[in-house]
Amino acid sequence: MSTIEITQDNFESTINDNEIILLDFWADWCGPCKQFAPVFEQAAEANPDIVFGKIDTEAQQQLAGLFAISSIPTLVAFRQGIVVFAQPGALAAPQLEQVITAVKGLDMDEVRAELAKQEAAASAETDGADGAAPDSIPADPGVDK
């Protein structure tokens, strides 16, 4: 499967309707993005069970803002609708494969339990201010940097 373009219009359905999604935040003027593009495309071809989406940060500024993208390329991985990895920088093929393997190997019950713990701790810290827990991104799933 090749990569697909992710926009504001198809973002939510893509995340909700697929088990694993890898998103590449990029821009046409970005040299490292152009270097990473063929690595991402090759991984998409090799992993047809995963959705590989590309988000043009110039055309999709609202999505880039939602993820507070400040450096590109940035890779974000979702599993069962949960962000399980987010890291800026162009990865080499072996590093990307390591991310894919780690994301596939996650115990999602464990991830959800950890998120619940973090949200409970954050709620306790707010001392009932508004009861809302800040958004959190779990630690990366064991990728060598």
Side-chain angles (χ1 to χ4, degrees), residues 1-119 121-123 125-126 129-130 132-145:
M1 175 185 227
S2 60
T3 61
I4 61 170
E5 180 183 359
I6 302 295
T7 66
Q8 191 70 36
D9 294 335
N10 67 356
F11 172 78
E12 192 172 322
S13 63
T14 301
I15 299 305
N16 292 334
D17 297 345
N18 296 283
E19 172 77 11
I20 300 175
I21 303 95
L22 267 65
L23 300 177
D24 172 23
F25 287 84
W26 68 283
D28 192 46
W29 51 263
C30 167
C33 297
K34 290 180 180 183
Q35 290 174 327
F36 181 59
V39 172
F40 195 70
E41 188 69 39
Q42 288 168 355
E45 295 294 335
N47 295 278
D49 56 324
I50 296 176
V51 173
F52 286 76
K54 295 183 70 67
I55 299 178
D56 180 347
T57 57
E58 294 294 313
Q60 301 299 320
Q61 293 182 8
Q62 190 173 2
L63 286 177
L66 178 68
F67 287 89
I69 301 298
S70 59
S71 297
I72 52 174
T74 290
L75 181 67
V76 176
F78 283 84
R79 173 112 185 251
Q80 297 178 1
I82 300 170
V83 173
V84 294
F85 178 85
Q87 178 178 305
L91 299 178
Q95 293 171 309
L96 181 54
E97 189 54 43
Q98 192 175 14
V99 170
I100 292 167
T101 300
V103 170
K104 285 181 175 181
L106 286 172
D107 178 336
M108 292 307 293
D109 289 335
E110 211 172 276
V111 170
R112 282 187 284 280
E114 182 60 34
L115 282 174
K117 258 195 272 183
Q118 290 176 11
E119 289 171 2
S123 289
E125 287 176 14
T126 61
D130 66 1
D135 293 335
S136 62
I137 296 176
D140 77 42
V143 174
D144 295 335
K145 297 181 181 172

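Since the structure is predicted, the reported quantities are computational estimates derived from the model, not experimental observations.
Annotation for Gly81 and Ile15: closest pair CA-CG2, 3.9 Å, computed over non-hydrogen atoms. Annotation for Asp28 and Lys34: closest pair O-CE, 2.7 Å, computed over non-hydrogen atoms. The nearest pair of heavy atoms linking Ala90 to Gln95 is O-OE1, 4.5 Å. The shortest heavy-atom contact between Asn10 and Thr14 is O-OG1, 2.6 Å.
To the nearest 0.5 angstrom, Leu22 atom CG is 6.5 Å from Leu96 atom CG. The distance from atom OG1 of Thr3 to atom CD of Glu41, rounded to the nearest 0.5 Å, is 4.0 Å. Between the CZ atom in Phe52 and the CG atom in Asn18 there is a gap of 12.0 Å [rounded to 0.5 Å]. The CZ atom of Phe25 lies 9.5 Å from the CD1 atom of Ile6; values are rounded to the nearest 0.5 Å. Interatomic distance, SG of Cys33 versus CZ of Phe40, reported as 11.5 Å (0.5 Å rounding).
In this structure, the side chains of Phe36 and Val39 come closer than 4.5 Å at one or more pairs of heavy atoms. With contacts defined as side-chain heavy-atom distances shorter than 4.5 Å, the pair Glu97/Asn47 qualifies. At a threshold of 4.5 Å between non-hydrogen side-chain atoms, the residues Ile50 and Ile100 count as touching.
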Give every donor-acceptor pair under 3.5 Å between a side-chain atom in residues 59-80 and any protein atom, sequence neighbours left out.
residue, atom, partner, partner atom, Å
Gln60, OE1, Gln8, N, 2.9
Gln61, NE2, Glu58, O, 3.3
Thr74, OG1, Ser71, O, 2.4
Arg79, NE, Glu19, OE2, 2.9
Arg79, NH1, Val103, O, 2.9
Arg79, NH1, Lys104, O, 3.1
Arg79, NH1, Leu106, O, 3.0
Arg79, NH2, Glu19, OE2, 3.4
Gln80, OE1, Arg112, NH1, 2.7
Gln80, NE2, Glu19, OE2, 3.1

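Of the possible donor and acceptor atoms, none in the side chain of Asp24 sits under 3.5 Å from a partner among the backbone N and O of Asp56.
Listed by first and then second residue, the disulfide bond (SG atoms under 2.5 Å apart) pairs involving residues 57-104 amount to none (not counting sequence neighbours).
For Glu114, the salt bridge (charged side-chain N to carboxylate O under 4.0 Å, His left out) partners are Lys117, not counting sequence neighbours.
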